[in-house]
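Before any comments, here is the structure.
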Amino acid sequence: MENFVYHNPVKLVFGKGSIAQLANLIPPQARVLMTCGGGSIRKNGVYDQVKAALARHSVAEFGGIEPNPRYETLMRAVQLCREQPADFLLSVGGGSVLDGTKFIALAIGYSKGDPWEILSRRAPVAEAIPLGCVLTLPATGSEMNSFAVISRESTHEKLALENPLVYPRFSILDPETTFTLPDRQTANGVADAFAHVMEQYMTFPADAPLQDRQAEALLATLVQEGPKALRHPRDYAVRANLMWAATQALNGIIACGVPQDWTTHGIGHELTALYGLDHAQTLVALMPAVWKHQKAAKQAKLIQYGERIWGIRQGADLAGQAIDQTEKFFRSLGMKTRLSEYGIGADRFAEIADRFAGRGFRLGEHQSIGPREIVEILQLAL
Ligand code: NZQ
Ligand code: ZN
């Protein structure tokens, strides 16, 4: 096991009715800016719960943060906050609203240049407005991490940032808020969390049996509960288990001391940027392709995963069986697993590879995936 430092300051408030606790979590004098998406929270009662809980607070609102939150939209919120200062940002919605809010929190005080530099040049930021969240979509893990992924419409870029200043001060996770998720978003959430676990697990054995089994516990839970949520969307226990699993899939705990491989996410962000696919749709199409391409390097973990999650112990090509079973699982969630099913062909694959070449770093746990391999992986995903 490699050396590591683990630090996570997020206070989680989990369970039915927990939105009512908001008033105790935000300082009473704070001028709050509540951020939200395209309107789901108005339809499912979450907005009313938040407003009731914050009846004694001063609350302004910024709505319209879209899925794959856009820099252009977020800069309007930054402008608003520069004109009417806020002391606390409250994100109410899914991962996109939360990621967008993290960017707003960092960008408000960034006066050295265009805040896009926080993403494009990893420009250091000295301070951020504190933020908290009411999460309505279990998927990204953003509620317990310091990452945000932001898209820029004008250049078709999608870039990630990491900054400890944007750990939420608190995250409220009420599984009842997820009863209204459309099937597509429920499936996306299960697949995204599944992929997060895999990016921290599907590498090579690293003498870390505890982290392996923690990861496998999350995978087994997602495999068991995910399809149930599609069949019984208002089953509290199922929604609660999915929400807790998705949070733990990307809060840093299973990454402690082990190698990681974020190839699927890295290439996936480019597919969203160029073709507008949902984040999880890209992952589901790419992950089996990455594994096929890296089958020799990932052989031992593929076999371990196949045996422990799917009971695969017999027959030829155990690793290949594990890959096929994974694709079947994604299909059972009603998801497409091939890029061609979205009408995507190979015509822009070289452009995608060039973007990585321009950034000058290689992907994979052995840094063995460069532009040529990226094209090969994309071809395997067709
Ligand atoms: O905008 P509204 O009207 O709220 O509707 C949303 C949106 O259309 C809807 N929705 C959310 N909660 C709902 C609901 N509809 C009904 N009932 C509810 N309870 O769902 C749609 C998708 O929402 P979005 O926030 O975009 O989904 P998700 O949470 O999957 O977030 C995806 C974004 O997170 C990034 C992705 O790249 C993508 O931009 N990621 C962030 C990460 C992080 N911060 O750590 C890691 C991930 O790998 C990922 O990259
Ligand atoms: Zn993801």
Side-chain angles (χ1 to χ4, degrees), residues 8-27 30 32-57 59 61 63 65 67 88-102 130-145 167-190 192-193 196 218 221-222 224-226 228-251:
N8 197 310
V10 181
K11 176 174 190 171
L12 285 181
V13 183
F14 191 98
K16 220 177 266 196
S18 47
I19 294 175
Q21 295 189 38
L22 261 177
N24 307 324
L25 294 163
I26 302 179
V32 181
L33 178 70
M34 169 179 163
T35 51
C36 52
S40 68
I41 63 164
R42 287 183 185 269
K43 290 187 209 131
N44 62 13
V46 170
Y47 176 86
D48 292 337
Q49 288 186 57
V50 170
K51 290 294 278 187
L54 292 181
R56 291 172 188 277
H57 281 74
V59 184
E61 290 170 29
I65 298 178
F88 198 94
L89 304 182
L90 178 66
S91 162
V92 185
S96 292
V97 176
L98 180 51
D99 281 12
T101 305
K102 290 177 176 180
L131 61 99
C133 98
V134 175
L135 189 78
T136 64
L137 201 178
T140 63
S142 189
E143 65 276 13
M144 204 175 172
N145 71 38
Y167 274 114
R169 298 293 163 104
F170 63 81
S171 287
I172 294 184
L173 274 55
D174 178 347
E176 284 191 333
T177 65
T178 70
F179 285 178
T180 53
L181 281 170
D183 286 354
R184 169 171 157 187
Q185 299 303 341
T186 297
N188 278 352
V190 172
D192 193 21
H196 294 157
L218 291 171
T221 303
L222 293 165
Q224 179 179 290
E225 303 297 307
K228 282 193 213 165
L230 292 169
R231 284 196 304 273
H232 309 290
R234 302 183 78 84
D235 183 321
Y236 180 83
V238 170
R239 292 295 197 180
N241 283 304
L242 279 182
M243 207 163 199
W244 187 214
T247 298
Q248 295 198 42
L250 196 50
N251 68 358

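Since the structure is predicted, the reported quantities are computational estimates derived from the model, not experimental observations.
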Heavy atoms only: give me the nearest A53-A23 pair and the separation to one decimal.
-> O-CB, 3.3 Å
Heavy-atom side-chain proximity of D192 to L250 below 4.5 angstrom | no
Residues that N44 engages under side-chain contact (heavy atoms from CB on, under 4.5 Å), provided they are two or more places apart | I41, V46, T180
side-chain hydrogen bond (donor to acceptor under 3.5 Å, both in side chains) partners for Y167, two or more places apart | none
Which residue pairs pass the salt bridge (Lys or Arg N to Asp or Glu O under 4.0 Å) test when at least one of the two sits in residues 229-248, sequence neighbours left out?
-> none
Under the ring pair (Phe, Tyr, Trp, His ring centres under 6.0 Å) rule, collect the residues that match up with F88, sequence neighbours excluded.
-> F170
For P67 and S96, which heavy atoms make the closest approach, and how far apart are they?
-> CA-OG, 3.4 Å
Return the set of residues passing side-chain contact (heavy atoms from CB on, under 4.5 Å) with A240 (not counting sequence neighbours), or none when no residue passes.
-> F14, P175, Y236
Closest contact, heavy atoms only, T186 versus A229 | CG2-CB, 3.9 Å
Specify the closest pair of heavy atoms between K102 and P168, including all atoms of both residues, with the distance to one decimal.
-> CE-CD, 4.3 Å
Is any side-chain heavy atom of T247 less than 4.5 Å from a side-chain heavy atom of L173?
-> yes
Kindly indicate whether the side chain of T177, heavy atoms from C-beta on, has any atom under 4.5 Å from the side chain of L137.
-> no
Step by step, would you call N8 with M144 a side-chain contact (heavy atoms from CB on, under 4.5 Å)?
-> CA-CA 8 Å; N8 197 310; M144 204 175 172; 3.7 Å; yes
Applying side-chain hydrogen bond (donor to acceptor under 3.5 Å, both in side chains), name anything that partners N251, two or more places apart in sequence or on another chain.
-> none
Nearest 0.5 Å, what's the CD-CG distance between Q248 and L218?
-> 6.0 Å
Looking only at heavy atoms, which two atoms of A246 and A139 are closest? And how far apart?
-> CB-N, 3.7 Å
Qualifying salt bridge (Lys or Arg N to Asp or Glu O under 4.0 Å) pairs with a residue from residues 33-47, counting only residues at least two apart or across chains | R42-E61
Heavy-atom check, side chain of V134 versus side chain of L22, under 4.5 Å = yes
What residues, two or more places apart in sequence or in another chain, satisfy salt bridge (charged side-chain N to carboxylate O under 4.0 Å, His left out) together with K16?
-> none
Contact check, side chains of V190 and L230, non-hydrogen atoms, under 4.5 Å | no
If we only count heavy atoms from C-beta on, is the L25 to K11 side-chain gap below 4.5 Å?
-> yes
Might you point out which heavy atoms bring G94 and T136 nearest each other, and give the distance in Å?
-> N-OG1, 3.5 Å
Verify, without hydrogens or angle tests, whether D99 (side chain) and S142 (backbone) share a donor-acceptor contact under 3.5 angstrom.
-> no
Counting only N and O atoms by type, is there a donor-acceptor contact under 3.5 Å from the side chain of H57 to the main-chain atoms of I26?
-> yes
With sequence neighbours excluded, give me every salt bridge (Lys or Arg N to Asp or Glu O under 4.0 Å) pair touching residues 167-184.
-> R184-D278
Partners meeting side-chain hydrogen bond (donor to acceptor under 3.5 Å, both in side chains) with Q49 (sequence neighbours left out) = none
Residue list, side-chain contact (heavy atoms from CB on, under 4.5 Å) with C133, at least two apart or on another chain = S91, L98, L135, E143, S171
Taking side-chain hydrogen bond (donor to acceptor under 3.5 Å, both in side chains) as the test, write out the residues that go with Q21, two or more places apart.
-> none
Enter the distance from L33:CG to L89:CG here, rounded to the nearest 0.5 Å.
-> 5.5 Å
